[in-house]
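Below is one structure, written out as structure tokens; the observations come after it.
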Amino acid sequence: MSAIQILNEVIEQTKKDITAPNRDRAVLALKDLAAMDDEAKTIAEYLIKLSYTVSQLFFEEVVVTINDERLTQIVDALITNEQFQTGKVNNIRYPKGFISILSLAKAGKYRLSFAILNYILSQAETNGVFSDGCKNSFIKLIINNAGLSAIESVVNSVRNGEVECKEYEIKRLNRFIDAIMETISVNEAKGAKIEKETETPHLKNIDEAVVIPGNEQPIKQNNVTLSNEAITKIESSQAEMLNLLRKLSSDHTAIDALTVQLISKGNEIVDIRAQRDDKEQQLKVALTEIKELNSKLAKAEGNVSDLTGRLRSSLNMDEISKNQELTTLKNDISEALKLDYSDFIGTRESEYSPDLFDVYRSTLTRIFKLLKRFGITCE
């Protein structure tokens with residue numbers, strides 16, 4: 001029986017729920033197709049038709065059997081599939097997409113994982129707000145499926161530039177992480193059985209803390225201007241001296257004295273011109289240094305902004321992890337005390353007796369042992 005026949009048979013037999021044997025048969029058939037050329041579109045079509053658990057197991061196993069080029073073709077075919085793009089998002093895009101994102105992320109295929117996530121987010125956001133279905137599906141299929149660390153690796157790869165993407169795509173990813181954090185906080189506040197006041201530290205917006213130094217004074221060119229004026233005056237004096245030489249041509253002594261003065265003034269002109277050239281060179285060097293400092297400042301501002309985004313994301317991830325641990329602890333304690341609570345409800349209207357006292361003492365002993373096991377001590 002061919003892979004296509006197996007897949008069609010599985011679809012026919014699993015119109016409601018898919019069984020584990022049928023799921024495994026479907027995954028094996030899809031892996032056979034993945035080993036062939038030009039079957040990416042066919043694989044994508046069957047991933048859409050089959051249960052999202054098939055997508056999960058398929059991507060977990062196929063990453064070790066095919067190369068990245070063929071895996072990329074399958075992911076691209078899934079994203080561009082008509083049903084994936086236009087079908088019911090809660091039945092197709094979110095379950096099939098998010099579970100594929102998680103499987104690829106756990107396998108270290110961060111670029112392909114982000115490719116699917118980036119497309120889903122581009123379709124789920126309207127005016128900066130992500131749909132509730134998108135956020136709830138992400139929490140259910142990824143966060144609640146022990147996928148936080150894997151997704152954090154994808155996010156870090158994007159922010160570190162290891163995964164190529166546009167700046168606006170990084171900003172959209174940051175907005176989505178913030179929206180997920182807010183949704184989890186709201187959901188836990190609604191369903192909490194134990195109210196506890198917490199204080200959340202607020203990050204200071206260090207983007208606004210960058211101050212451009214104010215002690216840099218503009219370079220004045222007065223020296224150069226004065227040099228030009230001096231040159232003009234000296235040249236005027238030189239003309240006057242030449243006139244005097246003509247008038248006093250008969251007086252050789254006077255001519256010699258004026259000649260000495262002319263030579264001296266000429267030397268002064270040379271010195272002043274040299275000083276002017278030196279000042280102009282210093283000005284050029286200073287302007288170059290200012291340009292380099294501005295470039296370093298812009299780079300530093302960019303680094304501050306990037307570090308701020310990473311810090312905010314890291315804190316958000318830590319908060320999500322802590323909230324999950326607290327919720328799990330609450331559920332575990334509740335489940336462990338359920339039987340004792342039932343016994344208490346059944347006997348609380350009974351008359352006091354030595355036997356009832358022994359029962360309650362035994363119950364309290366178990367409860368304290370249970371709390372100690374969960375790390376809660378009363379000493």
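Heavy atoms only: backbone and side chains are in, while hydrogens, waters and symmetry mates are out.
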Residue Asn267 excluded, over 12 heavy atoms near CG under 6.0 Å: yes
Point-to-point distance, once rounded to the nearest 0.5 Å, from CG of Leu112 to CG of Leu104: 6.0 Å
Gap separating the CG atom of Leu326 from the CG atom of Asn323, nearest 0.5 angstrom: 7.0 Å
Salt bridge flag under 4.0 Å for residues Glu61 and Lys31: yes
Check: Phe138 ring centroid to Phe176 ring centroid under 6.0 Å: yes
Min side-chain heavy-atom separation Ile48-Leu78 under 4.5 Å: yes
Hydrophobic cluster membership, Leu50 vs Ile4, 4.5 Å side-chain cutoff: yes
Contact summary for Gly97 and Ile116, nearest pair of heavy atoms: O-CG2, 3.9 Å
Any donor-acceptor N/O pair, Asn81 side chain to Ala77 backbone, under 3.5 Å: no
Step-by-step side-chain contact (heavy atoms from CB on, under 4.5 Å) determination, Ile376 to Leu370: CA-CA 9 Å; Ile376 302 174; Leu370 173 67; over 6 Å; no
Any side-chain donor near an acceptor of the partner, Thr365 and Tyr360, under 3.5 Å: no
Side chain to side chain contact (heavy atoms under 4.5 Å, CB included) partners of Thr363, counting only residues at least two apart: Asp340, Val359, Arg366, Ile367
With sequence neighbours excluded, residues passing side chain to side chain contact (heavy atoms under 4.5 Å, CB included) with Glu69: Asn67, Gln73
Working for side-chain contact (heavy atoms from CB on, under 4.5 Å), residues Lys109 and Phe59: CA-CA 10 Å; Lys109 305 298 181 180; Phe59 279 114; over 6 Å; no
Point-to-point distance, once rounded to the nearest 0.5 Å, from CD1 of Ile151 to CD1 of Ile320: 11.0 Å
Side-chain donor/acceptor of Ser55 to backbone N/O of Ser100, under 3.5 Å: no
Test item: Ser313 side-chain N/O and Gly309 main-chain N/O as donor-acceptor pair under 3.5 Å: no
Atom pair CD (Glu289) and NZ (Lys296), whose distance is rounded to the nearest 0.5 Å: 9.5 Å
Backbone of Asp17 reached by a side-chain donor or acceptor of Thr14 within 3.5 Å: no
Derivation of the side-chain contact (heavy atoms from CB on, under 4.5 Å) call for Ile66 and Ile74: CA-CA 11 Å; Ile66 62 175; Ile74 295 173; 3.9 Å; yes
Exam field: side chain Gln13 to backbone Val10, donor-acceptor pair closer than 3.5 Å: no
Exercise: do Arg111 and Ser157 side chains pair donor with acceptor under 3.5 Å: no
Side-chain heavy atoms of Leu141 within contact of Pro95, under 4.5 Å: yes
Any side-chain donor near an acceptor of the partner, Glu39 and Thr42, under 3.5 Å: yes
Step-by-step side-chain contact (heavy atoms from CB on, under 4.5 Å) determination, Ile99 to Asn145: CA-CA 9 Å; Ile99 206 67; Asn145 204 14; 3.9 Å; yes
Co-membership, hydrophobic cluster, residues Val64 and Val27, 4.5 Å side-chain: yes
Backbone N/O of Asp76 and side chain of Thr80: donor-acceptor pair under 3.5 Å: yes
Min side-chain heavy-atom separation Ile184-Ile180 under 4.5 Å: yes
Which atom of Leu102 lies closest to which atom of Ala150, heavy atoms considered: CD1-CB, 4.4 Å
Gln282-Asp278 side chain donor-acceptor pair, cut-off 3.5 Å: yes
Heavy-atom side-chain contact between Ile120 and Val89 under 4.5 Å: no
Which atom of Ser51 lies closest to which atom of Lys96, heavy atoms considered: C-CE, 4.0 Å
Donor-acceptor contact below 3.5 Å, side chain Thr126 vs main chain Val129: no
Salt-bridge present (Arg175, Glu125; N to O < 4.0 Å): yes
Minimum side-chain heavy-atom gap Ser131-Lys135 below 4.5 Å: no
Polar side chain donor-acceptor pair, Asn156 to Arg310, under 3.5 angstrom: no
Glu82 CD: over 12 foreign heavy atoms closer than 6.0 Å: no
Nearest heavy atoms of Ala26 and Leu7, plus distance in Å: O-CD2, 3.6 Å
Flag, side chain of Ser314 to backbone of Leu311, donor-acceptor distance under 3.5 Å: no
Sub-4.5 Å side-chain heavy-atom contact between Phe98 and Tyr52: no
Pairs meeting criterion salt bridge (charged side-chain N to carboxylate O under 4.0 Å, His left out) with involvement of residues 156-170, two or more places apart: none
Electrostatic pair Asp178:Arg312 at N-O distance under 4.0 angstrom: no
Option among Val62, Leu30, Leu28, Asp24 that satisfies the side-chain contact (heavy atoms from CB on, under 4.5 Å) test with Leu57: Asp24
Shortest non-hydrogen separation from Ala105 to Tyr110 and the atoms involved: O-CE2, 3.4 Å
Side-chain donor or acceptor of Arg93 paired with backbone N/O of Gln85 under 3.5 Å: yes
Side-chain heavy atoms of Leu121 within contact of Cys134, under 4.5 Å: yes
Atom pair CG/CG of Leu371 and Leu337 - distance to nearest 0.5 Å: 6.5 Å
Donor on one side chain, acceptor on other, Asn8 and Tyr46, under 3.5 Å: yes
Heavy-atom pair with the smallest gap, counting every atom of Tyr94 and Gly133: CE1-C, 3.6 Å
Expected output: side-chain Asn331 to main-chain Thr327 donor-acceptor under 3.5 Å: yes
Shared hydrophobic cluster for Met36 and Ile43 (ILVMFWY, side-chain gaps under 4.5 Å): yes
Pairwise distance CG(Asn294) to NZ(Lys291) - rounded to 0.5 angstrom: 10.0 Å
